[in-house]
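Read the structure below first, then the notes.
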Amino acid sequence: MLNLTGLDDGVDLRRPTARVAQVQLVIAAFLGLVAFLSFCVLRNSWEKLYASRFTRRRGLPELPRKTLFGWIPVVFRIKESDILEHAGLDAFVFLNVFRFAIKLLLIMGVLSVCIISPVRYHYTGRYDQGDGSDGDQGDGKDGGGGSDSLLFASSKHHNDSAHYRPYLWMYVAFTYIFTYFILNMLIRRTKYIVKVRQEYLGKQNSITDRTIRLSGIPPELRHEDKLKKHIEDLNIGKVSSITICREWRPLNRLFRQRKKVLYTLEDKWAEYLGPLSFKNTKGNIPVRRNRESFRLERSTRHAPYQDDDPDVTDNEEEEDNEDANMSLDTSAEDDYRSIQEYSRFTAGVNLFDAPDQPYDHIRPKVKTGFLGLFGKEVDAIDYYTNQLEVLDEEILRARQKHYPATPTAFITMDTAASAQMAAQAVLDPKVHHLITRLAPAPHDVIWDNIVLSRKERLFKLYAITIIIGIISVTLIAPVGYLATLLNPKTIRRFWPQLADFLERNEWARNTVSGLLPTYIFTFLNFAIPFLYVWLSSEQGFISHGDEELSAVSKNFFYIFVNLFLVFTTAGTASNYWGFLSDTTKLAYQLAQSLNELSLFYVDLIILQGIGMFPFKLLLIGSVLRFPFFKLGCKTPRDYRRLYKPPIFNFGPHLPQPILVLIITIIYSVFSTKILASGLVYFIIGYYVYKYQLMYSVVHPPHSTGQVWPIVFRRIIVGVLIFQLTMTGTLAAFQDGYILAMTLIPLPLATMAVLWNFQKHYLPLSFFIALRAIYNAQRDNGEVEANIGDGAFTLSQPTFVDDEENDGDELIPKTQTVDETREKGQTYDYPYLVQPLDGPWIAMDGDDVVVANGEGTIKKKINLMEWE
């Protein structure tokens, strides 16, 4: 029995008062202000954390230093063309969710402030529906006693309902108006995103745009030459290269063993070379080693992480080459000193100086017996070096072996147009044969899942789906009973003294009803999504982009069903499970529950927007883990991992804004406070995520903006719930069913919009239109000879004329961020071509000193590629 009807004296603990909302605003403002000011101070000191992308990618707008708030105008002036150029298409689509919400809520908020709330106040004495004042009933007109008594406390047989008829017709009118605005702006935003996506991808000619993934290959075609001939005979284009995926598991096992031995060897080198030291010096970096000793004299370079600079002079390149030439030193009498310079947390800051006294190097030892506890004691570096060399020889032999082919292959066509045609074509009349899909980017492929058999992949897919379903169903009861615990009758059953205290103490009651639920809701919304992200990674998807999209869907399902529907409807009927089975009362009871929880959602949106978003700027997870992880860092690889930029995943970040937008839409006619809170939430969130995606985080998954269909469909669900809620609200009055029936066309129109999207816009959200490719080639002069038009004039790269973009150039002239990232990449199996480098023993800026069998070398590491 989930009965949340309230206190014996008529006070419902689930309904926070306006005073509690003010307290929540003060608390959220304090938390947000502390986090914001902390970020403004730390941004200048910890540049490599809070502006890591700026130090590695040229062309980003420069952020002023030594100022607290000077970065804000720079971020404000960043255009969508800059986002496309430097953050990519996925970031552009992600931020457009916030732009859409801001524009929509601004229009709806103005209408609510100017029309809906004044009319409501005239008839009910309440500015917002469900707006209480310290729990009283207000002074509504004609005995209305406020909006609550008007709608639900008075039941369907309100004697004065005729007096409120104009007020109710306003509800009908604005349900139509808001539905029109939502659907119209949703379609317009979809057209805008589709147009930008087509132009952005149409101008690309990377290996990803020219590659398809072919599955269901019959055994007779599982050979490169035969498969190539078969594809080309279909006259869909010429094939440039083919990679047939094979049973590479032996190589997987060898590389897993190699990685374990390599990391152990790096630990032993770090133990031998001594403690990490940081020193501000300049000069060359000679490195000498022999069998018994190692000497490494280091200097600090302050150059931040960045791509190779084309302006480097020949002399500088010669000096780097000289530094890379390592020599052997047989002298065992040198005063050995090792100063290892790693990436520093703060740019240009001395963490501590190198020790004046030389470090006494002692070669580490290891026992070769069981678990390293027994057996002969030998030199650890030599022991693990020998193991690494043996594994390398096995890997070299394993690379020459023939492995059975799987039914999956990556086929790179000669043009992007050919790949798009092949991806949308049905190649074989047999079911499950030669199924084509667009290929993920090479860096996005999860090769461990590629080598899985079809049965294994399906088993992982269905097993994880069942586990997620069980978790989701299991969490329904705790969330429902969490709401029940806010009922003092239930509290009295377990803790009578606490229930008496809540009845006597108003502030304690307000804390339980207004503050506690929002923080518990926030905690649940923070913890569980990361579990779903991990489960998605174990589901056997072949790309990180597919994992991310799946995580978005799973997390939205969780927060929408468990943290919205269950929490909202818990207690609306005397028997919660009876409520679920009695669908005839669904609209009325949903409207009643939403009416009762309006100020709860005001508090929640305020806390999430004003209080929590600034903490995202702080990258609090990276800041908190730094002192703990640093204690365990010994090797250059450990420090590279420690200082790499945080990975941004849409899975935990996108579902909550979608839910907030849905909640705001549902309450759009009822509550101006929620509209205003939602508008503030999306404005703050837009600029927080804009800064992060441009400067401080990286987003490796490559889904080419395919997250927008997920957003579109879920907003449609929110619109349908909005219409259902309004139907239940109107049906609460005498003769209200007549008013409710006037809303019947709205769900039909909404479903028609969804059908139109699925039919006409969804393909453009997944594929590149051939016309978009042709237009890009025409603009680049690549098709001039084919069109036979001697008067054809080369044009500049295309522009997007959109009222939201004010005619700004949107598609960048230079290579896109995706093309830059995919430059030089192939679909070769990585373990077949990956260099068998030795252990990392030191770092010089972006250069890694690698100890190989023939000596030590200095190797340039591409940070973006390494991530």
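Both backbone and side-chain heavy atoms feed into the values below; hydrogens, waters and symmetry mates do not.
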Criterion ring-ring contact (aromatic ring centres under 6.0 Å, His included) on Tyr50 and Tyr695, from CA distance to verdict: CA-CA 7 Å; Tyr50 293 121; Tyr695 289 101; over 10 Å; no
Going through the distances and angles, do Gln387 and Lys260 end up as a side chain to side chain donor-acceptor pair (under 3.5 Å)? CA-CA 11 Å; Gln387 283 193 359; Lys260 183 178 179 181; over 6 Å; no
Aromatic rings Trp447 and Tyr829: how do their planes relate, parallel, tilted or perpendicular, breaks at 30° and 60°? perpendicular
Check: Trp269 ring centre within less than 6.0 Å of Tyr263 ring centre: no
May I ask you to decide whether Glu224 forms a salt bridge with Arg246, counting only side-chain N to carboxylate O separations under 4.0 Å? yes
Could you tell me the separation between the CD1 atom of Ile212 and the CD1 atom of Ile231, rounded to the nearest 0.5 Å? 6.0 Å
Using side-chain heavy atoms (C-beta onward) and a distance below 4.5 Å, is Ser215 in contact with Pro407? no
Could you verify whether a donor N or O on one side chain and an acceptor N or O on the other, from Asp209 and Ser206, lie under 3.5 Å apart? yes
Would you say Arg437's side chain and Arg213's backbone share a donor-acceptor pair under 3.5 angstrom? no
Minimal non-hydrogen separation, Thr436 against Ala423, with atom names: OG1-O, 3.2 Å
Checking Thr211 side chain against Ile207 main chain: does a donor-acceptor pair fall under 3.5 Å? yes
Aromatic plane relationship, Phe94 with Phe648 - under 30° parallel, 30 to 60° tilted, over 60° perpendicular: perpendicular
Indicate yes or no: at least one non-hydrogen side-chain atom of Thr208 is less than 4.5 angstrom from one of Tyr827. yes
Ring-face cation of Arg363 near Tyr272 (centre distance under 6.0 Å, axis angle within 45°): yes
Using the rule given for side chain to side chain donor-acceptor pair (under 3.5 Å), can you reason through Thr465 versus Gln539, listing the C-alpha separation, both sets of side-chain angles and the distance that settles it, and then say yes or no? CA-CA 8 Å; Thr465 301; Gln539 204 162 358; 2.9 Å; yes
Gap separating the NZ atom of Lys365 from the CD1 atom of Ile381, nearest 0.5 angstrom: 9.5 Å
Do we see a donor-acceptor contact under 3.5 Å between the side chains of Thr264 and Asp267? no
Is the shortest side-chain heavy-atom distance between Lys376 and Lys367 below 4.5 Å? no
Test Ile217 against every option in Thr408, Leu434, Ile435, Ile244 by the side-chain contact (heavy atoms from CB on, under 4.5 Å) rule and name the one that passes. Leu434
Heavy-atom closest pair (Gln692 atom, Leu619 atom, distance to 0.1 Å) is NE2-CD2, 3.3 Å
Just so I know, are the side chains of Leu201 and Leu89 near enough to count as touching, which here means a heavy-atom distance under 4.5 Å? yes
Looking at side-chain heavy atoms only, is the closest gap between Leu693 and Val698 below 4.5 Å? no
May I ask you to check whether Ser240 and Asp414 show a side-chain donor-acceptor distance below 3.5 Å? no
In Glu394, Arg249, Arg397, the residue satisfying side-chain contact (heavy atoms from CB on, under 4.5 Å) with Leu254 is Glu394
The reported gap from CD in Glu547 to CG in Leu535 (rounded to nearest 0.5 angstrom) is 11.0 Å
Answer yes or no: does atom NZ of Lys226 have more than 12 heavy-atom neighbours from other residues, nucleotides or ligands under 6.0 Å? no
Going by heavy atoms in the side chains, are Trp248 and Tyr831 under 4.5 Å from each other? no
Residue pair Ala380 / Val366: nearest heavy atoms and the distance that separates them: CA-CG1, 3.7 Å
Using atom types as modelled and distance alone, determine if a side-chain donor or acceptor of Asn449 lies under 3.5 Å from a backbone N or O of Ile542. no
In terms of heavy-atom contacts, Leu227 and Ile411 come closest through CD2-CD1, 4.1 Å
Report yes if some heavy atom in the side chain of Pro652 is under 4.5 Å from a heavy atom in the side chain of Val533; otherwise report no. yes
Do Thr412 and Val239 touch side chain to side chain, with heavy atoms closer than 4.5 Å? no
Checking Glu548 side chain against Gly651 main chain: does a donor-acceptor pair fall under 3.5 Å? no
Regarding Lys634 and Glu271, does a basic nitrogen lie under 4.0 Å from an acidic carboxylate oxygen? no
To check you understand the geometry: which heavy-atom pair defines the closest contact between Pro440 and Ser543, and what is its length? CB-CB, 3.5 Å
